[in-house]
Structures are given as structure tokens and as C-alpha cells.
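Here's the structure we're looking at; comments come further down.
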Amino acid sequence: MPVIVNGVELSDADLENELSCHADAPNPQRRAITALVLRRVLLDEARRLAVKADSDEAAIDALLATQASAPQPDDAACRRHYDMHPHRYIVGELVEADHILFQVTPDVDLALLRARAEAVLREVQADPASFGQRARALSNCPSAAVGGSLGQLVRGDTVPEFERAVFGQAATGILPRLVETRHGLHIVRIARCVAGHRLPYEDVAPRIAQALAAASRDTAWRQYLRLLVGRARIEGIELEGADGLLVQ
């Protein structure tokens, strides 16, 4: 079924060219068609408003700059962000950790898996010296070959839910509860932790301002796209909500 935007049908040649830009997307064809639809809607609006530019890209940039501008964050907003997310600006922090992973797979009985993991947790708490042996025998992770050792970790090395569990610990040893992540259930032992130090606000203020400005800009663009898509005559595709629409 052809895709038609404001009376203009998207060509196969345009789609073929656009596909190469979205090869890594879960659904490259749909992503490419969506991008072409949004581009057509933006260009039509630029022409309606008589935006003067030397190219289509420049016309879109000028349209967004005038019709979807976003306020720049002030120092107070940047300081609030800095105070609300202190861990993002800590350097020198590291953790040495070991784990025993009980992997969750589509056909696993989660209740039985949890009961088994809880039983092993109690066993290693009673006999901490057995941790490495049990990791080699039971862990569903390549680290089992080295007794469950994950080595030195810094923030960003692991999935967020594991990171939240292992960083910020005041003491070493086996964590008292299982750590649940997208990979499964973990028994975790903290071997060493270094607290690191927080960068002064003045050192990171430009980075914070840039990140907040980008987030504000993206929100403004999405809202504007939602407005334009709502006005446009689009046939042959149902676009996602504006939260999934982002000008690239």
C-alpha cells in the first residue's frame, strides 16, 4: 500500500535511500518510512511559511529554530540537576565484585529458580569461603570459570539494576539479598569498593547545561511534530505517538 503525505506519494527510490540510515533499527522499513513522512511534513510546513533556505535540510533547521525553539536552562536548573543526580558526577569510584548468576530463561520456573538461589545464598552466607567453588559449579555466567569474579567495575560497565545494587556500598562482603536484573538472580559479593569523589559543580556545569538544553530541544521538537502530523493528510501508515517521533 502506497504512503501518501499531503497528496504526495513517497517514492520507492526515496525509501531505498532512506533504508540505509536505519539498518540497525528493529524494523528498518517502518523507521525509514516514518522518517520520510516526518521530513515531508516538515518541508511542507516550511514551504507554507515561506521559509527561505538553500537546501531542504537548511529549511527544516530554520523551521525548527523559529517554530519549535526551547528555552535554555539557567544556572538554577543546572544546579538542581547536579544536586538530584550526584552519582553521575563521581569519578574514581570502583567496585570489585563476584557473583553467582541464576539465569532466567523463557521456560524456567521462576519460583523454583528463586528458591534455589535463596538456598545457595544462605549456604554461602554460612560459609563465605565456598563462594568461588559454588560460582564455578552453579553460575550461568562466563565468570564462573574464575570463581564468579567480575573484576573491577565502574559505573556503566553493568546493567543499571546491577549497578544500583553494587555501588554505594558501605562495606564489603556478601549482599544480604538476591540482586534481580534482566539477566536473572544474582548472589553478589563485594570484594573491594572505592568511593571516589564528586566533581565540583563548576567543572560540570557546561556539560549539564548542554544535556538539559538537548533534552528541552527534543521535547519541543516532538511536540511540534505531533502538531504537524495531526494537521497533515497521511495515508498508508499509522504513525506512533509523538514520544516516538524524533527528528534526526
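Using cut-offs of 30° and 60° for the angle between ring planes, the Tyr201 and Tyr82 rings count as perpendicular.
Salt-bridge annotation for Arg231 and Glu45: present, with a side-chain N of the basic residue lying under 4.0 Å from a carboxylate O of the acidic one. Ion pair Glu180/Arg114 flagged as a salt bridge, since at least one NZ, NE, NH1 or NH2 atom sits closer than 4.0 Å to an Asp/Glu carboxylate oxygen. Using a 4.0 Å cut-off between charged side-chain N and carboxylate O, Asp75 and Arg79 make a salt bridge.
Looking at Asp157 and Leu150, their side chains never come closer than 4.5 Å, going by heavy atoms from C-beta outward. The shortest distance between side-chain heavy atoms of His197 and Val91 falls below 4.5 Å. Between Ile190 and Val188 there is a side-chain heavy-atom pair separated by less than 4.5 Å. Using a 4.5 Å heavy-atom cutoff, the side chains of Asn140 and Thr105 are not in contact. In this structure, Glu118 and Arg122 have side chains that are in contact, with non-hydrogen atoms separated by less than 4.5 Å. Under the 4.5 Å side-chain criterion, counting only non-hydrogen atoms from C-beta, Ser143 is not in contact with Ser149. By the 4.5 Å heavy-atom criterion applied to side chains, Leu113 and Gln103 are not counted as neighbours.
In this structure, Asn6 contributes its side chain and Arg233 its backbone to a donor-acceptor pair below 3.5 Å.
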- request: In sequence, state the C-alpha distance, the side-chain angles, and the governing distance for Leu178 and Phe102, and then conclude on side-chain contact (heavy atoms from CB on, under 4.5 Å).
  value: CA-CA 10 Å; Leu178 297 175; Phe102 295 83; 5.7 Å; no

query: Could you walk me through whether Asp44 and Arg40 pass the salt bridge (Lys or Arg N to Asp or Glu O under 4.0 Å) check?
result: CA-CA 6 Å; Asp44 286 350; Arg40 180 77 266 153; 3.2 Å; yes

task: Evaluate the side-chain contact (heavy atoms from CB on, under 4.5 Å) criterion for residues Glu9 and Val3: first the C-alpha distance (whole Å), next the side-chain angles of each, then the deciding distance (0.1 Å), finally the verdict.
output: CA-CA 6 Å; Glu9 182 177 342; Val3 177; over 6 Å; no

- prompt: Run the salt bridge (Lys or Arg N to Asp or Glu O under 4.0 Å) check on Arg39 and Glu57 step by step: do they pass?
  reply: CA-CA 9 Å; Arg39 178 181 173 85; Glu57 287 72 20; 3.2 Å; yes

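Applying the side-chain hydrogen bond (donor to acceptor under 3.5 Å, both in side chains) rule to pairs touching residues 60-70 yields nothing, sequence neighbours excluded.
Legend: residues meeting salt bridge (Lys or Arg N to Asp or Glu O under 4.0 Å) with Asp98, ordered by chain and number and at least two apart, are Arg189. Shown here are the salt bridge (Lys or Arg N to Asp or Glu O under 4.0 Å) partners of Glu16, two or more places apart in sequence or in another chain: there are none. Under the side chain to side chain contact (heavy atoms under 4.5 Å, CB included) criterion, Ser130 pairs with Val124, Asp127, Arg134, sequence neighbours left out. In this structure Arg182 satisfies the salt bridge (Lys or Arg N to Asp or Glu O under 4.0 Å) test together with Glu161, sequence neighbours excluded.
Residue Ser216 comes nearest to Pro71 through the heavy atom pair OG-O, 3.6 Å, listed as atom of the first residue, atom of the second, then distance. In this structure, Leu185 and Ala117 approach most closely via the heavy-atom pair CD1-CB, 4.2 Å. Across every non-hydrogen atom of Thr181 and Val159, the tightest pair is CB-CG2, 4.0 Å. Looking at every heavy atom in both residues, His81 comes nearest to Ile208 through CD2-CG2, 3.7 Å. Residues Leu94 and Gln152 approach most closely at CD2-OE1, 4.1 Å, considering heavy atoms. Counting all heavy atoms, side chain and backbone alike, Ala77 lies closest to Asp74 at N-OD1, 2.8 Å.
Within 6.0 Å of CG on Asn27 lie more than 12 heavy atoms contributed by other residues, nucleotides or ligands. Within a 6.0 Å radius of CD in Gln210, other residues, nucleotides and ligands contribute 12 heavy atoms or fewer. Within 6.0 Å of CG in Asp109 there are more than 12 heavy atoms belonging to other residues, nucleotides or ligands. The number of heavy atoms from other shown groups lying within 6.0 Å of CD (Gln133) does not exceed 12. Within 6.0 Å of CZ in Arg177 there are 12 or fewer heavy atoms belonging to other residues, nucleotides or ligands. More than 12 heavy atoms of other residues, nucleotides or ligands lie within 6.0 Å of CG in Asp83, so this atom counts as buried by the packing criterion.
There is no path of hydrophobic side-chain contacts, each under 4.5 Å, that joins Ile174 to Val166. No chain of hydrophobic side-chain contacts below 4.5 Å, direct or via other Ile, Leu, Val, Met, Phe, Trp or Tyr residues, connects Val146 to Leu101. Hydrophobic clustering (side-chain heavy atoms under 4.5 Å, transitive across Ile, Leu, Val, Met, Phe, Trp, Tyr) keeps Val41 apart from Ile4. Side-chain heavy atoms closer than 4.5 Å link hydrophobic residues (I, L, V, M, F, W, Y) into clusters, and following such links, possibly through other members, connects Trp221 to Ile60. If you chain together hydrophobic residues whose side chains sit under 4.5 Å apart, Leu212 and Leu199 fall into the same group.
A distance of 8.5 Å separates CD1 in Ile187 from CD in Gln125, rounded to the nearest 0.5 Å. To the nearest 0.5 Å, the span separating CZ on Arg88 from CZ on Arg207 amounts to 10.5 Å. Between Asp203 atom CG and Arg198 atom CZ the span is 12.0 Å, to the nearest 0.5 Å. For the atom pair His22 NE2 and Arg31 CZ, the distance stands at 6.5 Å (nearest 0.5 Å). Note that CG of Leu36 and OG of Ser11 are 8.0 Å apart. Values are rounded to the nearest 0.5 Å. Here the straight-line distance linking atom CG of Asp14 with atom CD1 of Ile33 works out to 11.5 Å at 0.5 Å rounding.
Proximity of the aromatic rings of Phe167 and His87 is defined here by a centroid distance below 6.0 angstrom, and this criterion is not met.
Here the options are Leu64, Asp56, Val51, the test is side chain to side chain contact (heavy atoms under 4.5 Å, CB included), and the partner is Leu42; only Leu64 passes.
Neither side chain, His99 nor Ser139, offers a donor N or O lying under 3.5 Å from an acceptor on the other.
The hydrophobic cluster of Ile90 has no other members, since no ILVMFWY side-chain heavy atom comes under 4.5 Å of it.
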